[in-house]
Amino acid sequence: QKEVEQNSGPLSVPEGAIASLNCTYSDRGSQSFFWYRQYSGKSPELIMFIYSNGDKEDGRFTAQLNKASQYVSLLIRDSQPSDSATYLCAVGRYGGATNKLIFGTGTLLAVQP
Amino acid sequence: DGGITQSPKYLFRKEGQNVTLSCEQNLNHDAMYWYRQDPGQGLRLIYYSQIVNDFQKGDIAEGYSVSREKKESFPLTVTSAQKNPTAFYLCASSTGTADTQYFGPGTRLTVL
């Protein structure tokens with residue numbers, strides 16, 4: 001089992017719809033959760049982070065965290081073609097020999113005009 | 001402007017050559033990282049450093065070497081022992097090793 005799992009996609013949504021991206025993680029000791037966006041040929045850029053259970057909103061983006069179920073999701077409202085990219089989930093794991101940020105392999109989102 | 005720079009943007013290597021990729025940050029971050037990304041794949045950790053003069057192997061360190069003589073700099077050498085080095089190389093930095101990582105623009109290495 002991978003420590004951080006994402007569906008590779010592609011997830012195809014029509015323009016204006018809500019895109020829902022999901023991520024599950026295996027370590028219950030994880031305390032920080034991040035979403036990155038990576039356009040083709042470019043480096044990842046941070047969209048948002050969340051530390052507490054519940055929802056966190058930033059513009060058209062909402063991150064949702066459920067520690068009991070060990071999943072974190074990213075909702076993109078009013079999806080635009082410019083949102084088409086790979087979305088990487090990252091989970092901060094604390095304790096043990098060293099603290100680490102573990103990346104998922106990403107979900108490819110395609111927003112259809 | 002604070003940020004991470006990588007150079008060169010594109011690099012071509014002949015078989016049997018060692019090449020060094022540069023990574024510099026002015027964010028005053030303690031931790032720095034090198035990742036490799038192959039087409040359509042996720043990030044794979046090569047090496048990371050938590051403090052100056054210390055670094056640790058990641059998941060795919062064979063054929064690579066690093067140094068951390070200054071807080072701002074974390075160069076990666078791709079040696080001739082790396083049999084399939086063609087990939088997109090990303091450098092990142094963070095305050096701590098479980099904190100937000102910020103990425104440089106990347107170096108695309110091609111073996112001729």
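Because only heavy atoms are used, hydrogens play no part in the values below, and waters and symmetry mates are left out as well, while side chains stay in. Numbers restart at 1 for each chain; the letters A, B, ... are given by sequence-line order, proteins then strands.
Contact between A:Phe34 and B:Asp99 at its shortest, heavy atoms only, is CZ-C, 4.0 Å. Of all heavy-atom pairs spanning A:Lys42 and B:Phe88, the tightest one is O-CE2, 3.6 Å. Between A:Lys100 and B:Ala98, the shortest heavy-atom contact is O-CB, 3.8 Å. Of all heavy-atom pairs between B:Thr97 and A:Asn99, the closest is OG1-O, 2.6 Å.
Under a hydrophobic clustering in which Ile, Leu, Val, Met, Phe, Trp and Tyr are joined whenever their side-chain heavy atoms come within less than 4.5 Å, directly or via other members, A:Tyr71 and A:Leu21 fall into different clusters. Both B:Met32 and B:Val78 are assigned to one and the same hydrophobic cluster, defined by single-linkage of ILVMFWY side chains at heavy-atom distances under 4.5 Å. Follow the hydrophobic side-chain contacts under 4.5 Å out from A:Ile50 and you reach A:Met48 in the same cluster. Hydrophobic clustering of Ile, Leu, Val, Met, Phe, Trp and Tyr side chains at less than 4.5 Å, counting indirect connections, keeps A:Ile76 apart from A:Leu46. Taken together through direct or relayed side-chain contacts under 4.5 Å among Ile, Leu, Val, Met, Phe, Trp and Tyr, B:Leu90 and B:Tyr48 form part of one hydrophobic cluster.
No side-chain heavy atom of A:Ser32 sits under 4.5 Å from any side-chain heavy atom of B:Thr100. Between A:Leu101 and B:Gln101, the closest side-chain pair of non-hydrogen atoms falls below 4.5 Å.
At a 4.5 Å heavy-atom cutoff, the contact between A:Gln38 and chain B is made by side-chain atoms alone. For chain A, no part of B:Gln56 is nearby; none of its heavy atoms comes within less than 4.5 Å. For A:Leu88, the part lying under 4.5 angstrom from a heavy atom of chain B is the side chain only. Proximity to chain A is limited to the side chain of B:Tyr35, based on heavy atoms less than 4.5 angstrom apart.
Interatomic distance, CZ of B:Arg44 versus CZ of A:Phe103, reported as 15.0 Å (0.5 Å rounding).
Within a 6.0 Å radius of CZ in A:Phe49, no more than 12 heavy atoms belonging to other residues, nucleotides or ligands are found.
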